[in-house]
Amino acid sequence: MSVTAPPRSPRLRRFRVDVGTIITVVVLFQSLLLVAIGYWGSQRLVSTIGESAHRADHLRIEDKVNAFLAKAASVVDAVAAAPSLRPAGEGAVPTAELLWVLLQQSQELDSLYVANDAGRMLMVQRYPEVAVRHIVRESDFTVETWEYKPPADDGRDTQQRYATDRISAFRTQYEPRARSWYVQATQKGTPVWTTPYVFAASQELGVTYAVPGRRRDRDGAQVLVASGDVTLGRLSEFVRMFSRAGYGDSALLSGEYQVLARSDEPGRITALALPGSGILGAVHARMLADGSARGTVSTAFPIDFDGQRYLVQTSRIPATNWRLISWVPEDKLLGGLRRAVLWSMLLVVAFLVLIVGVSLRLAKRVTAPVERLSSIARRIGRLELDGLPRVQSRVLEIQHLDQALDDSARGLKAFRKFVPVDVVTQLVESGHTLGPSGEPRQITVMFTDVAGFTRIAEATPTEVLVRQMTRYFNLAAAVFTRHGGTIDKYIGDGTMVFWGAPADVPHAEESACRAALELQAELDVLNAEWRASGLAEFQTRIGIHTGPAITGVLGSKDRLAYTAVGDTVNVASRIEGINKELGTRVLISETTFDGLAGRLPTRRIDAVTIRGRQKPLLVYELLEPTSPAAAPAA
């Protein structure tokens, strides 16, 4: 097999350059153009500074929004983690007090509550009226009991503020389990921020953070959902407060591009709507046009609107999938900086420093590929050939070296299809020579064979047979590898595998037996799939024997293989063949049985005569464990 390298680009052969030439040309070119590009560079510098200042302001607002949501979520998480959380019954009183205290300390939330799968709900709210709500869902109606509390700012102490001013009870059709926060949390099974919806009590738009959980008490197991509400009005006040502390304005859009909060318009958000006219509408239209509205990365761009240029920053709020947008008039941000460009001497000094920095950076970009290529070469030396990166460079020598390493890796990847790379790696790491050698070792050998394969091969089209054999061998190889086996060779439709070489395997007999059982179990599933598709089934017979053998690198001087030879190998092959006579699937020898030490169930079979041996051999059938405590049959 030959591996043909892709043709090299003629352009790269003509373009020869070295590191010194690159650095010299770049420095000279930048020096000659310094005066000509001075003014342009100063404008770019001013723009960069303005963008950085705007981004810093945007990140400050983003951090505040994330902190706002995280604080609200942490309170709900604390409620969900309470060990004695009860929305009803004898535990409802301490639960209500807990919710009340946490709500008073969490100005981010408008209400805090918990509901279970029996339709019981306990809620503490500060808006529209301060109250504790007890909700019990019956078969076709809901009983709500409201305990009204004094306003939080009336100067009373904690105990007095929690005192009940009056109580009212009435029937409603409120169903906690049908609310979006309950449905989304229980269906997802993890904490969730809901999409905006209208709160039942205040009839205002808002979002809810809900945390599902499970509790078990003397009444049995129950599903609990702890939740906290944030109105869009509170969110708007929050965004407006921090936006006015900076240079421009900000807005929050939902995952469906609806406006949740904005600082450039007074009042609360009373209806969900897409950004309309104005600067926010223009920014949103631009984001839809270039696809950034659906992206997850932060973006920055300028936009012209109503005769004025704006700098725009956008980013995604990870917890809720909202989009934060901030904008500022460029003149407001950069007016003072633009006058600074008249200081030409400082501009020249700044650009000289910039030239030096660019030159050093360019030198680093030339030498960095060499380091990456050396790292790739070391990985090739360790036969780690998958996922090797390519190193792109305009330097001809680096490009040639990258191509040579890629050719070597592709050649080795083709070669390792025929060589057990894991065995070679173990031999090299353990200090074995890769010339002809051998040593006696105690190993466990397994042979597998597909029953009636000749008949199957005659009746099955070649393409179908090849696909079946490939799936069969892939499945078997994965099982053997998981259990520490070394695949020696594929013999037609059969396989020879051994445990205990080149490295010792603790409890090699048990590993081989468990591999046999797992292989049969996975083949049963595969055969069922083939049977349903009208394909032939691969019923596999397995023989296992333990004993001494010579293992090592054996063969001719120009064709070697790591293998095992000896009587133990022959006996294992003979034992596999006895399955056909006895109608069994997995047979093991007496030595393997002794090493198994009763850890798996077996069935003793009378001694059988093995071709090539004078004494009969006692064999056992390996059985599927019926339970973790299943004992072997003696």
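This one's a predicted model, so the numbers in the text were calculated from it and none came from an experiment. One-based numbering along the sequence shown.
Here the closest heavy-atom approach between residue Leu280 and residue Ala251 is recorded as CD2-CB, 3.9 Å. Listed here is the closest heavy atom pair of Glu108 and Val230: O-CG2, 3.6 Å. Taking both residues in full, the closest heavy atoms of Leu253 and Pro275 are given as CD2-CG, 4.0 Å, listed atom of the first, atom of the second, then distance.
No side-chain donor from either of Tyr182 and Asp117 sits under 3.5 Å from a side-chain acceptor of the other. His134 and Glu144 share no side-chain donor-acceptor pair at under 3.5 Å. Looking at Thr142 and Thr172, their side chains never bring a donor and an acceptor atom within 3.5 Å of each other. At a cut-off of 3.5 Å, with distance as the only test, no side-chain donor of Ser326 or Gln313 sits close to an acceptor on the other residue. Using modelled atom types and a 3.5 Å distance limit, the side chains of Thr164 and Lys149 yield a donor-acceptor pair.
For the atom pair CZ of Phe538 and OH of Tyr472, the computed distance is 8.0 Å after rounding to the nearest 0.5 Å. Taken to the nearest 0.5 Å, the CH2 atom of Trp499 stands 12.0 Å off from the CD atom of Glu510. Considering OH of Tyr148 and CG of Asp165, their distance stands at 11.0 Å, rounded to 0.5 Å. Atoms CG and SG, on Leu600 and Cys513 in that order, are 6.0 Å from each other to the nearest 0.5 Å. Rounded to the nearest 0.5 Å, atoms CG (Leu85) and CZ (Arg215) are 5.5 Å apart.
Residues Val497 and Thr486 have side chains not in contact (no heavy-atom distance under 4.5 Å, counting atoms from C-beta outward).
The side-chain hydrogen bond (donor to acceptor under 3.5 Å, both in side chains) contacts involving residues 521-530 comprise Arg471-Glu529, Arg482-Glu522, Asp524-Arg585, where partners must be two or more places apart or lie in separate chains. Pairs engaging residues 172-192 under the salt bridge (charged side-chain N to carboxylate O under 4.0 Å, His left out) rule: Arg137-Glu175, Glu175-Arg177 [sequence neighbours left out]. The stretch residues 90-121 participates, sequence neighbours left out, in these ring-ring contact (aromatic ring centres under 6.0 Å, His included) pairs: Trp100-Tyr162, Tyr113-Trp181. Within the structure, the side-chain hydrogen bond (donor to acceptor under 3.5 Å, both in side chains) test picks out the following pairs touching residues 190-199 (sequence neighbours left out): Tyr197-Thr208.
For Asn66, the side-chain hydrogen bond (donor to acceptor under 3.5 Å, both in side chains) test picks out no residue, with sequence neighbours left out. By the side-chain contact (heavy atoms from CB on, under 4.5 Å) test, Val464 pairs with Thr460, Pro461, Arg467, Gln468, Leu535, sequence neighbours left out.
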Is there a side-chain contact (heavy atoms from CB on, under 4.5 Å) between Met287 and Ile325 once you walk through the steps? CA-CA 11 Å; Met287 293 173 64; Ile325 303 175; 3.8 Å; yes
Yes or no on side-chain contact (heavy atoms from CB on, under 4.5 Å) for Ile317 and Asn321, after CA distance, side-chain angles and deciding distance? CA-CA 5 Å; Ile317 304 299; Asn321 201 35; over 6 Å; no
Verdict with reasoning, Glu624 to Arg514, per salt bridge (charged side-chain N to carboxylate O under 4.0 Å, His left out): CA-CA 9 Å; Glu624 286 284 345; Arg514 291 193 181 277; over 6 Å; no
Please walk me through it: do Ile135 and Leu122 pass side-chain contact (heavy atoms from CB on, under 4.5 Å)? CA-CA 6 Å; Ile135 299 174; Leu122 178 61; over 6 Å; no
Before you tell me yes or no, could you show the steps for Leu103 and Arg126 under side-chain contact (heavy atoms from CB on, under 4.5 Å), namely the whole-Å CA-CA distance, both residues' side-chain angles and the distance that decides it to 0.1 Å? CA-CA 8 Å; Leu103 184 64; Arg126 72 168 93 245; 3.6 Å; yes
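The existence of a salt bridge linking Arg60 and Asp63 is excluded, since no basic side-chain nitrogen approaches an acidic carboxylate oxygen closer than 4.0 Å.
When each of Thr320, Asp77, Asp229 is tested with Tyr209 by the rule side chain to side chain donor-acceptor pair (under 3.5 Å), just one qualifies, namely Asp77.
In this pair, Trp146 and Phe170 present their aromatic rings tilted. The plane angle is within the 30 to 60° band.
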